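Just so we're clear, the structure is a prediction, and the values are computed from it rather than from any experiment. Naming: A, B, ... by sequence-line order, numbering from 1 per chain.
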Amino acid sequence: MELAPALLGLRLMRESAEGRSGGLIVETEAYGGPEDRASHARAGHTRRTAPMFGPPGHAYVYLIYGLHSCLNVVAEAEGVAGAVLIRALRPVLGLEMIRARRGRPRDADSVLAAGPARVCQALAVDRSLDGHDLTRGEALWIEEPGGDGPERLLTSGVLSGRIIAGPRIGVAYAGEGWAERRWRFGVAGDPSLSRPFPPLSRPSPSSSRPDGR
DNA sequence: CATAGGATTTGCT
DNA sequence: GCAAATCCTATGC
């Protein structure tokens, strides 16, 4: 859980035959172990979820709806299930490449990786990278954003106080309070968020319907 | 062994 | 706003 907000502002990098591309992590979601009814690990240690129980800092990449890949960073010590879904990036490197992979020439740069499956398509991440070590700086890795440019605006100092939390997306089925937990984190106001965060509201019976979808 | 459904995106109504 | 696309895991008989 602590890892999810900590990843905000870091750079996710990809090196492939086409060259290097990457972006700043601006939205994440935390998933727990078997006790978390919204987590893939709810079914325990299976072939598919094995990376979630593996060493931290490795990737857990799965296929959803038969066509989209999603990337997680394994979060807990080996043997303990937990992972952080990368829900959105702000693209900063290899824009041409990213645009070509996405195949949507008319989209604004900011939305090219605004969504967990878009992140994977933008950086050409698929299940061949399932279990990949993200700490070694090869093929796919996470690093501190150095240098200058717009990235500096997202480094930790400025970032603190700009992190917002909300309920996780698409887990209404979980019930028992797991669906309501605010384990989705994002950089407030960032143009690359996958969708808005619901306003933090006092229960006002008649007026609103804080949906989340 | 059969089947239901999903941590999503897109395009059309 | 709604449904399709499409694979594979998990679950139940």
Between the protein and nucleotides 9-13 of chain C, which nitrogen or oxygen pairs are less than 3.5 angstrom apart?
residue : atom : partner : partner atom : Å
C/dA10  : OP1  : A/Thr46 : OG1          : 2.6

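- Scored by the side-chain hydrogen bond (donor to acceptor under 3.5 Å, both in side chains) test, A/Ser69 finds no partners at all (sequence neighbours excluded).
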Acceptor/donor pairs from residues 14-24 of chain A side chains to any protein atom, 3.5 angstrom cut, sequence neighbours excluded:
residue : atom : partner  : partner atom : Å
A/Arg14 : NE   : A/Leu123 : O            : 2.9
A/Arg14 : NE   : A/Ala124 : O            : 3.2
A/Arg14 : NH1  : A/Ala139 : O            : 3.2
A/Arg14 : NH2  : A/Ala124 : O            : 3.0
A/Glu15 : OE1  : A/Arg20  : NE           : 2.6
A/Glu15 : OE1  : A/Arg20  : NH2          : 3.0
A/Ser16 : OG   : A/Glu18  : N            : 3.2
A/Ser16 : OG   : A/Glu18  : OE1          : 3.4
A/Ser16 : OG   : A/Arg101 : NH2          : 3.3
A/Glu18 : OE1  : A/Arg101 : NE           : 3.3
A/Glu18 : OE1  : A/Arg101 : NH2          : 3.0
A/Ser21 : OG   : A/Arg101 : NH1          : 3.0

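- Contacts of residues 61-68 of chain A with DNA chain B (heavy atom under 4.0 Å): A/Tyr62, A/Ile64, A/Tyr65, A/His68.
- Partners of A/Ala100 according to the side-chain contact (heavy atoms from CB on, under 4.5 Å) rule, which considers only residues two or more places apart in sequence or in another chain, do not exist here.
- Contacts between residues 99-115 of chain A and DNA chain B, defined by a heavy-atom separation under 4.0 Å, are made by A/Arg102, A/Arg104, A/Gly115.
- Remark: A/Trp178 engages no residue in a side-chain hydrogen bond (donor to acceptor under 3.5 Å, both in side chains) (not counting sequence neighbours).
- Taken residue by residue, residues 78-89 of chain A places heavy atoms nearer than 4.0 Å to DNA chain B at A/Leu85, A/Arg87.
- Sorted by residue number, the members of residues 117-125 of chain A with any non-hydrogen atom under 4.0 Å from DNA chain B read A/Ala117, A/Arg118.
- Applying the side-chain hydrogen bond (donor to acceptor under 3.5 Å, both in side chains) criterion to A/Asp130, with sequence neighbours excluded, gives no partner residue.
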Pairs counted as Watson-Crick or G-U wobble with both distances under 3.5 Å: what dot-bracket string results for DNA chain B, using | for bases tied to another strand? ||||||.|||||.
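- Partners of A/Glu180 by salt bridge (charged side-chain N to carboxylate O under 4.0 Å, His left out), not counting sequence neighbours: none found.
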